[in-house]
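I have placed the structure first, in the form of structure tokens, so that the comments after it can refer back to it.
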Amino acid sequence: MDTAHSHRRLTQLLSRGALTRFIIVRLAATGLLLLVLSFVVFALLHLTPGDPARNLVGVRNVTPELLQSIRDKYHLNDPFMNQYLHWLGNVLHGDFGESIRNNTTVTTLLADRVMLTLQLSSLSFALTVIVAVPLGIAAAWRTGSALDRSMSAASIVGVGAPTYAVGLLLLYVFGLWFNIFPVYGSGDGGFDRWWHLVLPAITLASGLAAMVFKLTRTAVVAELNQDYVAFAQSRGLTRRQIRSLVLRNAMIPVATSLGLVFAFLFGGTILVEVTFALQGIGSLLAGSVTFKDLPVVQAITLLTATVIALTALAVDILYYAVDPRVRKRGMQ
Amino acid sequence: MNRGLSLNNLVVTGPAGLIVTRMDLHVEPGQTVALVGESGSGKSMTAKAMTGLLPRGVTATGSLQLDDITVDLALGPQALAGLRGQYISLLLQNPFTSLSPVHRCGEQITAALPPDLRRSKEEIRRRLDEVDLPERVARQYPFELSGGMRQRVALAASLASNPQILIGDEPTTALDVTTQREMLDLLERIQRERDMALLLITHDLGVARERADKILVMYAGRLVESGEGADVFAHAQHPYTAGLRDSDPPLEHRLVELPAIAGSVPRPWEVAVGCVFAPRCDRADDRCRNEAPELVGTTSQVACWKPIALTDASHPIQIATDVQAQNTDNDLVVIRGLSKRFSSSAPLALDNVDISIHSGEAVGIVGESGSGKTTLARCLIGLESFDSGDISWSINTPMAQRAQIVFQDPTSALNPAMTIGATLAEALRAGQRSKAEVVALLQLVGLPSEYINRRPNGLSGGEQQRVAIARAIAPRPKLLICDEPVSSLDVSVQAQILNLMNSLLKDLGIALLFITHDLAVVRQVVSRVYVMSNGRVVESGNMENVLQSPQHEYTRQLFSSVAGK
Amino acid sequence: MKLRTNRKPVVPIVTGIPLAIIAIFVIASRWIVPNATRQDIMTGVTSPGTAGHLFGTDQLGRDIGQLAIAGASSAVVGPIVIALGSMMIGILLGTFAGYMGGWLDLLLSKYADLLLALPTTLVALVVTGLVDGGYWVTVLVLIMLFSPTDIRMVRGSVIAQTSRPYIESAKVLGLGRLRIMFRHILPNVLPVAFSTMLLNVAFALVSMSALSFLGLGVGPGVPDWGRQLSDSRNLLDRNWGSLVLPAMLIIITAAAINLLGDWLQERYEESSVPR
Amino acid sequence: GGDNKGMAGNGSAASGSLKEIDLLTVAFPSSLSNLYPGQEAGNFNYYVACLVGEGLVAPDGTGKLVPALASKWEQTSPTTYVYTLREGAKFSDGVPVTPEDVVYSVGISKDEEKSPNIAYYWANVDKAEKTGDNEVTITLASPDVAFEWGPCAANALWITSQAYVEGNGGEMGTPKALLYGTGPYKVTKFEPDTMVELERVDTWWGGVPPVKTVRIEFITEEATRVLARKSGDIDLAISISLDQLSQWENTADTSVLFAPDRSYVGIDFNTAVEPFDDIHVRRAIAYACDRATVVEKLLVGHGEPATALITPDQISSVLGLDGARKALRDVLDLPFDLDKAKEELALSKVPDGFSTKVGVSSSAPQVSQFFQSLAETVKPLGINIEVEEMPVEQWYDTIGSADWGLAYMWYFNATGDPAEMSSWFFGEGNPASYSNDAVTELMAQAKEEADPAKRVEILIEAQKAALADIPYIPLWWGEAATAINSKYTIEDFGSYSLLSPWTPRILTVD
Ligand SMILES: Nc1ncnc2c1ncn2[C@@H]1O[C@H](COP(=O)(O)OP(=O)(O)OP(=O)(O)O)[C@@H](O)[C@H]1O
Ligand SMILES: Nc1ncnc2c1ncn2[C@@H]1O[C@H](COP(=O)(O)OP(=O)(O)OP(=O)(O)O)[C@@H](O)[C@H]1O
Ligand SMILES: [Mg+2]
Ligand SMILES: [Mg+2]
């Protein structure tokens, strides 16, 4: 291998310009992805069975004039592409139209709810990470131990446990018997809000923690089997030093999958919100879907996709930052 | 006081049974002891037992003595924890995996230093300097370095805590010939400077012969012979040692047939009674088969009931007269001006290569790693496209009947989901031959016909390679390309395969393109050779002539790197 | 050479028993509980253990236990179809993408990226909800949503196999692409595909029951675990069995399948490590 | 089914006294996203709106209309109603109410855009105008006795101020433009779909209510609502699910109150759709409906097998409750009898049975269960009924649709007017595509009959005439259950209790 050559190339590429370029390329890719998604989301209106105009007024009794005004408002008589561009233009200005179910703009409707879902998913993300990652590491460190076995068994159960049943169980145990946590509602803001979200967040985290536990354990076990660990041991490095070696390596796959976990969380709060009667975007979506409130459905779908895409982008950048190998590959 | 290291009565037991049995070993300060033996003989397990790094499910008993310290190995890996690093350190085979990929080299080298020295620039420079690496390496990540450089970093790291004894488990096997030599030189120098003991595990007899003060020969988990340096081979007492020595192809001349040891290495735990080598030994008698011999002797020791005496006549070796390259005009294939670049930023993998192969002729290509040998073979066989130049065949048959190829790694050469019979039948069909020939094919490569229904997983490496060869000759190609077909096999198996190739060539009259970096191996097979470096053919000619009087600087360098020959 | 181990196959036994029982439910429920949906409105809700109903009854007097046995098929068949369907797509597209590369590969990768940017529950909810689909529409949607991961998985395995010498040998023998893909590569991808498929079944089971819980999926009166769970909301105080039984069935089935899948995967990885 | 209506359940006849209550936490089972019933007209919107806003009149506990913001009113001609406003009436911020405000409020209610859900009630209103310093006159286009119920906060009028509405860009009932009226409470906080908080005011003509703050939470998951009561987080749960009744009843410190809710549940056939154009088919199905068991089991006894479209409570102000029941008992007399059902089917065009489907709102589990049980009952006859669950709005679409020959109606009578439902169900464009000249004639008479007793008689006659053709099969009249902290009780809790300011009726148990 021509080391001098590759070294020169590397130093050149490691310069700040390369990172900017990397981010720009990824941003562009994310933008493109979102554009395609927005198209799909827009097409929902036309894919839903029935006349789009009728779909937009819901099941209210409608006069032909009202239908016509809806057609005009949404440019439904224009060519498809024009309609899309028009809609996209509005969306980019934060205008998703009006909710069919409640006569408010989708934006105001969402504004009230996004915060709650965001808080709920952040809290359960934090819980997941705080609990599952250390347990996964500990279990991997002592494969086959009682801790490993019991946690692995628990994680297997956790993945399959129906959200509603878990939620109810938690409500009974912690809300009623021990009376530690409030059993309903989303609190008055501030700390109270977080306090109210604890049980829902645990419910949401239970299934996810199982996944993260497994993931962390697998990643750490894989690293522990690497030659560099044996080599480090043979050189007499302390347990602490070896742990830090292993963790730095294992945390790369773990941290990046955690990004996706967060994205998944944000889109996966539906069941918990329904179970705990929380008014976040999940329960709004569930309601809007059954009521065929298309503008709301479109907005939530696109919003969630955006959050996921941006998280993926952040993960890529994180990857770039923590893994020198990716830095090299990413730049080629 | 440094009195070296003694390993007494080591027994390693795995889940299936004994892996290493009653092993004793002593290394003096400043001494190099080589541990040789075929794959699976327990060399690595011995090294791991000595450092307390045995895999899960494998346990050891015995004791380890270092200075005034005696460690009972039965106490488990923790017992050795205090010794690792300070007294004893292990250097692994694969430089590509033995360093953490996301930590800088400097960090990894100094990790074993006392905390106050870890940040010292001066110290890092000194350490890098010792292994002939520039200072910048400290800030680089392993993946930014070549294999040789990485192995130097690993060496620096294992020396960081100034061990009294360094165990190298095939520390140079993954490197190419020239780098291998540099690395061995470096090890030797450091060892001398530090008066450090070195336990060198290798399967390369040449390396052992050239570098070791003392050589231990292992077979199926047992020590069968030990003695002073090159003497062990020169005056081998154990038939196994002699067999190993004889299977190792010489560079000086070509043999009509390599004296291979028949059969294959048994699993250590499968040997019940008697001498472990008895089943493969042509000198074995009833006692050998029923009673295990003890290791006896003083300076040199041997575990054999019927050791070979100095006076015993050695096998008569038949030196073949090299087949002269026929300067016929019946070229089978002619390659002209072949060039290939993998990506615009990469250097040329092939640079204007001219090669021709005559019908029925055995041609070799030698060169160090990355010189383009494989790329050339792949272009020739159509697995890779090339940028310019041309390949012209003198025959007009379908590709399958023009050339076939045998790869280096036998374990992945065969489809694990197909039986041997199915694999061969498919190859026969591709050459428009009858399926009925499967049995004949197996016989041709020396395998029993029951193998038809076996799957590759149940076969040894040598057997797998035989099947791969059988598949390659099934369509009766005019050219057989072998890309390092024996470099992952043990010497004894290697000899078997090389013999097989020679006999196939003779019987089938096909041409051979033999690619290798091992000059001694190629010597045994081909009549004409091309030497490649950096994608270019730098020298070519009759094998004999090239060996005798290499013209190109690179060729000379290549020859001088060959150890112990 | 495989390492011989003395470990008893605990996992297949532990998971096999519940799975076999559930398989029997799926196949033979019409004979085991021919009257699972029979109502006896006079009975009304009863708690577990009353009047010969081990798990009690619901408002229409249907036996919760019998319903659960009958519900096994809709709880399990859909997920199996989903896992099979998405794996078939995965194998077909993944093999082509992985082996052929080029624009097809690019296109399929982008398609997978697109679908992966959407959370499963959300999309399934939106599509099934908007088109008023029933059970099979949900199955179809989930097939679509599960396929990208399968495509990726297969593609990855195929690429890993493609660079192996035995594939190159097959090419050198002049074998056709289809033959190489489906005769040589596929059998070596199948073990991984199979264990992935098992894990998918478990995941689909949980997703489907979640959707039924939200009221998408099977219609009223059709026995189904997710639906039972959702109905249990109104029964809970009078019959706790209506919550506990379907919840336990979902947990046990998902866990058993997951365990089995993990075990197969581990075993496969172990056996594919050379020597 | 029971005769013992009115106050029942655990908290029966608990007596109490009016005491100051700082905070009353109420839980609704469905969430509100707009507080103005003109925009969102669920029952629960009315329960909030009647605390904040008032109409000119209001129902009393028996369903009789009594003065509200109008101190008195008078029908001066079949089409003219004159309302005299209460002296010194004020909005919650102390601003006096003017007749102009009333006229303006009527305008809002009549506006299709602003009040899509109630404008219909005002369609027959020609004009509303100020006819004196304290007087507003409303003129109808044609006589309609039922109009009296229009200007009522339980139905279609909440008096608000022009200045306030216009100051808020014409909006009403949103968090930015909170509901504003003359009632005993003002809205202090509204989080759509989450909660609403009301604070009492001292401007109401009826005095200062005992409950200082009413906090209403929307808890859509019934199990959660029970837990909330168990943990003491809520005091009052309105419209609890009968399915979880025993759980409510077993909750410590909780009483459950029952009251008929003037709701009607019944099958409607589209008589223009095959095979339901055949009276034998309709009659066969009618014979297959086991009302008594359905009420007993599915409604856990809290409801009443229905025999007419009118509910007893709507005519109880005229006939008394027992009299009402007696009068309605034999409007439709088709007892459960499978043999008769079989005979009827044999007479029909489809003697071997047929297949059909019915769409059921997912928010009506009892109805779904009823149809599942009906399907099971008629299966032996060869009739195959498939039950499809759907969102409530989609269910609206099935009513009277040509795609759905078999449908059902769950109707909450908003007013105490006995003709409320019949005028739709027997009128033009009715969901059964049913027409019968005799019935039409009777309904026209009823519209103009000013004497309540006579009117009820005519209406019952119309019911009899119509139901003889079985376009509809009444199934049950519903009952609502409310759970309350045993510390409190609701005075004279009945079917109209929540349709006029109800907090003053909350008593603290001694
Ligand atoms: N993790 C393990 N558990 C149990 N047995 C093992 C394990 N690893 C290796 N063995 C067995 O131990 C025996 C000795 O293996 P070892 O690696 O020491 O051989 P070696 O002489 O180093 O061979 P090579 O030249 O191939 O490195 C082999 O037969 C092998 O099958
Ligand atoms: N698929 C590939 N993509 C990019 N570069 C490649 C590829 N294959 C080989 N190369 C590069 O081409 C050059 C020649 O490689 P080649 O494998 O032909 O060497 P070789 O002589 O066979 O080496 P070795 O002895 O290690 O097998 C090397 O620099 C290698 O890195
Ligand atoms: Mg080894
Ligand atoms: Mg090569």
Side-chain angles (χ1 to χ4, degrees), chain A residues 1-14 140 142-145 148 219 221-256 319-329 331-332, chain B residues 47-48 50-53 55-56 77 80-104 107-109 111-112 118 134 136-137 140-149 154 157-161 163 166-167 169 343 345-347 369-370 534:
Chain A
M1 186 191 270
D2 181 359
T3 38
H5 173 80
S6 65
H7 178 67
R8 202 172 52 243
R9 250 177 68 77
L10 265 173
T11 34
Q12 190 184 319
L13 288 166
L14 276 170
R142 289 173 238 285
T143 3
S145 68
D148 181 26
V221 166
E223 291 303 325
L224 283 173
N225 287 330
Q226 295 293 314
D227 275 0
Y228 72 80
V229 176
F231 183 52
Q233 282 177 308
S234 84
R235 278 146 50 203
L237 299 198
T238 61
R239 276 181 80 80
R240 254 194 54 226
Q241 284 180 309
I242 293 174
R243 189 167 341 193
S244 96
L245 271 188
V246 168
L247 290 191
R248 170 99 72 97
N249 277 283
M251 280 312 115
I252 291 171
V254 171
T256 49
Y319 224 136
Y320 187 95
V322 297
D323 192 337
R325 290 164 295 184
V326 176
R327 273 210 288 278
K328 188 181 181 194
R329 222 181 320 121
M331 290 174 305
Q332 275 170 356
Chain B
K48 285 179 179 158
M50 288 165 70
T51 43
L53 296 176
R56 199 176 285 274
L80 284 159
L83 296 183
R84 283 196 294 258
Q86 307 223 2
Y87 290 89
I88 188 165
S89 215
L90 179 67
L91 188 58
L92 300 175
Q93 169 175 355
N94 192 343
F96 295 88
T97 56
S98 57
L99 295 170
S100 163
V102 297
H103 290 80
R104 291 176 199 273
E107 239 179 294
Q108 304 200 48
I109 292 174
R118 278 183 205 155
R136 64 164 165 89
V137 170
Q140 287 183 297
Y141 291 98
F143 71 88
E144 299 171 40
L145 304 175
S146 71
M149 291 171 86
S158 47
L159 293 175
S161 47
L166 180 69
I167 306 176
D169 189 353
S343 69
S345 60
S369 187
N534 290 329

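Every chain is numbered from 1, with letters handed out A, B, ... down the list of sequences.
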Please state whether the side chain, the backbone, both or neither of L91(B) comes within less than 4.5 Å of a heavy atom of chain A.
both

So which part of L53(B) gets closer than 4.5 Å to some heavy atom of chain A, the side chain, the backbone, both or neither?
side chain

Just give me the residue among [options] that pairs up with chain A most often, heavy atom to heavy atom, under 4.5 Å.
options	result
Q93(B), Q86(B), R56(B), R84(B)	R84(B)
A157(B), P163(B), S369(B)	A157(B)
P77(B), P142(B), S343(B), S100(B)	S100(B)
G370(B), S161(B), A111(B), G147(B)	A111(B)
A154(B), A112(B), A160(B), A81(B)	A154(B)
G52(B), S89(B), G148(B), P55(B)	S89(B)

By residue number, those in residues 240-247 of chain A with heavy atoms under 4.5 Å from heavy atoms of chain B are Q241(A), S244(A), L245(A)

Which residues, numbered in order, of residues 221-231 of chain A come under 4.5 angstrom of chain B by heavy-atom distance?
D227(A), Y228(A), A230(A), F231(A)

Please enumerate all residues that pass side-chain contact (heavy atoms from CB on, under 4.5 Å) together with R248(A), with sequence neighbours excluded.
V102(B), H103(B), E107(B)

Which heavy atom of R136(B) sits nearest to which heavy atom of M149(B), and what is that distance?
NH2-CE, 4.2 Å

Counting only heavy atoms closer than 4.5 Å, note whether T238(A) contacts chain B via side chain, backbone, both or neither.
neither

Measure the CG-CG distance between L80(B) and L83(B) for me, rounded to the nearest 0.5 Å.
5.5 Å

Once rounded to the nearest 0.5 Å, what's the spacing between atom OG1 of T51(B) and atom CG of L90(B)?
5.0 Å

Under the side chain to side chain donor-acceptor pair (under 3.5 Å) rule, collect the residues that match up with D169(B), sequence neighbours excluded.
S44(B)

